[in-house]
Amino acid sequence: MLRLRAAYEFFWRVFQHGTKTIDPLLNQINKCVNEEQIFDIVGKNTARLSEKHVGCACKVLWQFQKEKDDLMRNIPYVRDHPQFLALRILAKDKMELMDDNTLVNILYIMLRFTVEAHDSLVEHLVMEAWRRAERFDLKVLSKFSSCLGDQHMFLSPLMGKIADILNRNLDSVQDLRLMSALKMMVDELTSQQALAIVVTMEEMNSKDSYLIEKIASVLHKYLHVYKPVELTKITTALIHLHLHNSEFIKTLRKLLLSHLRNNVIPSEISMLVRVIAMLPFPHLDESGLSRVESILPQCRLSDLSTFALSLSTWIRHDHSYLDNVCQKNIKLLPQLNAYGYQRLQQANNLNVLWEELKYVNGEWFEEELLEETVVTLQRLSDQITHTNIANFSAFIVKTNYLSAPVLDKIASVTVQQINKIHPLAIHSVLLPFSILNYDPPQKDEFFGACIQRLNSQLSLFEPHLLVFLGFTLALAGYFPEDLIKAVFNIEFLAKLDLQLQYLPPFLKTRVHNRLMEFNRAVCLECPEFEIPWFHDHYCQKQNSKVNDSISAVQYQIYKMLGEILGGPNYVKPSALTPYGYIVDFEYILDKKKKPLSHRNQGVVLNELPNVPWRPDTHDTRSGLPPGAQRVALEFLDSQAFCKNILHLKGKSAMKKRHLEILGYHVIQIPYLAWNSMELSTKDAWMEYLREHMFAEVKS
């Protein structure tokens with residue numbers, strides 16, 4: 001009922017048209033036609049500006065940016081202007097006087113102007129909003145959560161608090177009169193009120209089919225007055241709300257196509273194409289395709305990526321491969337590739353390039369442009385500084401592409417400018433080196449500088465982020481004593497346990513796993529710290545839930561191992577090791593390299609390649625005869641390696657060294673070797689396994 005009541009209050013607000021007190025300064029701000037006029041007013045009236053003036057000035061400044069063809073072109077100018085800095089100072093000073101909507105709106109606008117998340121104003125706005133969150137209405141609460149998302153605070157307990165506010169205020173009593181009032185009000189909405197409400201309903205994830213149909217009927221009569229940007233919002237919202245009204249969808253699609261044919265702004269054409277691809281019959285007609293083709297030379301990488309995704313959707317849904325439209329679809333793809341290459345080769349500003357790259361993803365980019373993008377990053381690597389280093393580190397992690405020159409440059413800049421990098425950004429800088437298992441030439445200097453910078457700032461990190469940081473460093477083989485002591489103590493673990501109550505389930509599981517992995521790494525690699533292993537029960541519990549089917553390749557290897565070793569009782573699949581690792585196959589060789597039988601296999605196999613294999617739920621191993629050795633054989637798929645080269649990633653490398661600490665001889669079989677042309681017969685596979693299994697005998 002909280003959502004319903006909040007929506008009701010919101011509906012009433014959009015109807016209010018009371019008279020406003022005349023404020024000459026507000027009138028001046030609202031009549032400005034460009035940024036310079038706003039800045040002139042701010043400069044001449046700094047002492048007179050109230051919190052309302054500050055909020056209005058920020059709002060108008062952002063409105064100017066939204067009306068431009070290229071949003072990013074003017075943002076650095078505004079953000080770095082002395083009077084914008086004055087506005088930020090005023091906003092911080094007058095924060096407590098602001099109403100809730102103004103407070104959150106200024107936070108939203110500051111983030112749009114790329115003011116850093118660790119900027120003093122942004123931090124104070126977040127804290128003030130956190131303090132008021134209990135009283136926020138749904139609209140403000142939704143915008144605040146969006147701001148947290150912009151700052152990548154998906155993991156924050158504040159997100160959990162927002163969810164908790166909703167949960168604690170749910171009213172089980174159905175207020176039928178309230179529901180009735182909401183539905184009778186809908187018919188009186190203006191076009192902008194209807195737009196605001198459908199967006200709010202999307203944010204609320206409304207399930208009321210009657211109300212959805214009613215708001216759609218209001219939107220239907222106003223469709224002709226909406227701008228393209230507004231139509232895309234409406235389309236996205238109604239698709240999310242699962243509107244079942246074929247007549248409305250047909251009209252909406254026709255209108256979107258009409259705007260597309262007459263539009264000349266690349267970003268708007270991209271936006272229109274994206275939402276058309278969401279609708280039934282997603283393909284464009286010939287005139288729509290011609291419009292797209294005509295503006296390709298002007299498109300940013302993000303626009304080209306949108307077109308590529310939409311083209312693949314059209315081709316996938318269109319089975320008339322011989323008609324003109326489908327042929328034109330197919331012919332557009334090479335053009336997208338060509339313009340993408342051209343865009344990258346002509347790029348000369350790394351920060352401008354980043355604004356395009358951060359919105360690009362999908363198969364087209366990875367298959368066609370990723371390699372050229374990395375070449376461009378290498379060419380422009382001298383422009384990597386402390387201000388953008390975290391962005392490009394995150395890009396490398398996202399793409400899984402190992403580029404030694406780029407990583408070496410990131411390491412060099414980090415060492416040189418470590419004191420300028422915010423401590424919370426250092427984790428992002430460390431990630432590509434740990435995840436991709438890459439050591440720069442100045443490895444110890446790089447990691448040492450990062451650790452030294454972090455040691456005095458550990459209190460800045462929320463508990464779950466400290467766990468992630470510890471695991472990331474452990475992945476690279478670094479175990480700072482201050483960090484280990486900060487995490488593995490009763491007080492910290494109690495704080496973490498409290499925080500986990502507010503995190504969504506998927507994130508809670510991830511934090512638990514990272515804490516377990518960090519605990520395991522410290523126990524195995526740093527026994528001198530005497531940190532106890534307290535995750536045995538957790539691992540047993542997690543492993544008892546495993547119900548994975550083995551792959552065809554794993555089943556194939558299992559059968560061959562049985563033949564080589566003398567029977568299935570000599571090889572143990574999905575073996576659970578101490579400290580909770582699961583290895584694909586375990587077998588034991590005596591001191592003469594002869595296989596020993598496993599006792600109590602507890603595994604029943606049949607001839608089906610998708611038979612489920614469950615790991616052991618407890619350690620059934622006994623002592624080995626003198627000179628005998630356990631062998632762990634692992635099949636490594638593409639996820640274990642970097643995208644561009646057969647370089648083992650951090651987690652697989654860590655597992656290997658941990659298994660070796662536990663006494664295993666580890667054999668890793670890369671998927672590329674197993675699937676190569678050389679290994680295309682059973683005899684070849686068998687010989688390959690024998691060579692690796694008994695390599696020490698032959699050497």
Side-chain angles (χ1 to χ4, degrees), residues 434-435 437 467-468 470-477 479 488 509-527 529 531-551 553-554 557-558 561 570-589 598-603 612-624 628-641 648-671 692-693:
S434 295
I435 290 176
N437 187 29
V467 170
F468 288 151
F471 172 74
T472 296
L473 285 167
L475 202 57
F479 298 87
F488 295 108
T509 300
R510 189 178 169 206
V511 174
H512 273 144
N513 286 338
R514 290 292 181 263
L515 181 63
M516 180 274 289
E517 291 166 325
F518 187 26
N519 183 204
R520 175 168 62 199
V522 172
C523 289
L524 287 172
E525 301 195 56
C526 300
F529 288 135
I531 301 298
W533 166 246
F534 55 92
H535 279 93
D536 193 57
H537 178 70
Y538 174 76
C539 289
Q540 302 284 357
K541 186 177 177 182
Q542 292 301 109
N543 292 334
S544 69
K545 298 176 183 177
V546 173
N547 189 25
D548 291 334
S549 298
I550 77 165
S551 69
V553 172
Q554 288 173 314
I557 293 174
Y558 174 77
L561 288 175
Y570 288 94
V571 57
K572 192 174 187 180
S574 298
L576 179 65
T577 78
Y579 294 94
Y581 274 120
I582 298 173
V583 296
D584 291 345
F585 308 100
E586 178 190 294
Y587 59 91
I588 303 170
L589 299 178
H598 271 290
R599 288 176 291 176
N600 301 320
Q601 283 277 321
V603 178
W613 285 356
R614 297 175 62 85
D616 298 329
T617 56
H618 61 283
D619 186 14
T620 59
R621 66 185 67 233
S622 59
L624 298 180
Q629 186 174 46
R630 296 188 188 278
V631 180
L633 189 146
E634 295 262 273
F635 175 77
L636 302 180
D637 62 16
S638 60
Q639 298 300 311
F641 300 96
L648 198 64
K649 290 168 63 177
K651 288 202 75 173
S652 296
M654 172 189 265
K655 183 176 182 180
K656 184 176 187 292
R657 70 175 186 260
H658 286 177
L659 290 176
E660 288 172 344
I661 291 172
L662 290 169
Y664 283 90
H665 172 63
V666 182
I667 299 171
Q668 295 179 322
I669 301 177
Y671 73 105
H692 286 76
M693 292 168 68

Query raised in the report: Nearest 0.5 Å, what's the CD1-CZ distance between I667 and F635?
Result: 14.5 Å

Query raised in the report: Between M693 and L561, does a side-chain contact (heavy atoms from CB on, under 4.5 Å) hold up when you go through it step by step?
Result: CA-CA 9 Å; M693 292 168 68; L561 288 175; 3.4 Å; yes

Query - Pair E517-H535, side-chain donor/acceptor within less than 3.5 Å - result: no

Query raised in the report: What distance do M516 atom CE and F534 atom CZ have between them, rounded to the nearest 0.5 Å?
Result: 11.0 Å

Requested in this report: Kindly say whether I582 contributes a backbone atom to a donor-acceptor pair with the side chain of K655 at under 3.5 angstrom?
Outcome: yes

Query raised in the report: Is there a side-chain contact between Y671 and L636 (heavy atoms, below 4.5 Å)?
Result: no

Query - Basic-acidic side-chain contact under 4.0 Å: E525, R657 - result: yes

Query raised in the report: Any idea which heavy atoms bring E586 and Y664 closest together, and the distance?
Result: OE1-OH, 2.6 Å

Query raised in the report: For G650 and N437, which heavy atoms make the closest approach, and how far apart are they?
Result: N-CB, 3.5 Å

Report task. Could you tell me whether the side chain of D584 reaches within less than 4.5 Å of the side chain of I669, counting heavy atoms only? Result -> no

Report task. Rounded to the nearest 0.5 Å, what's the gap from CD1 on I557 to CD on Q554? Could you check? Result -> 7.0 Å

Query raised in the report: Given N519, which of F488, F471, Y579 fulfils the side-chain contact (heavy atoms from CB on, under 4.5 Å) condition?
Result: F488

Report task. Flag the pair H512 / Y538 as yes when their ring centroid distance falls below 6.0 Å, and as no otherwise. Result -> yes

**Report entry** Chi angles and distances behind the side-chain contact (heavy atoms from CB on, under 4.5 Å) call for V553, D637
**Finding:** CA-CA 10 Å; V553 172; D637 62 16; over 6 Å; no

**Report entry** Approximate separation, where rounding is to 0.5 Å, of I588 CD1 and H665 NE2
**Finding:** 14.5 Å

**Report entry** Exercise: identify the closest heavy-atom pair between Q668 and L648
**Finding:** OE1-CD2, 3.5 Å

Report summary line: Checking V666, L659, V571, L589 against V631 for side-chain contact (heavy atoms from CB on, under 4.5 Å), the one that qualifies is L589

Requested in this report: Determine the minimum heavy-atom distance between G580 and C539, stating which atoms define it.
Outcome: CA-SG, 3.9 Å

Query raised in the report: Is the backbone N or O of L475 less than 3.5 Å from a side-chain atom of S434, with the two atoms forming a donor-acceptor pair by type?
Result: no

**Report entry** Flag side-chain contact, heavy atom, 4.5 Å: Q540 against L576
**Finding:** yes

Query raised in the report: Going by heavy atoms in the side chains, are R630 and L662 under 4.5 Å from each other?
Result: no

Query raised in the report: Any side-chain heavy atom of I531 sitting closer than 4.5 Å to one from C526?
Result: no

Query - Closest approach of Q629 to G663 (non-hydrogen atoms, all atoms of both residues) - result: CG-O, 4.1 Å

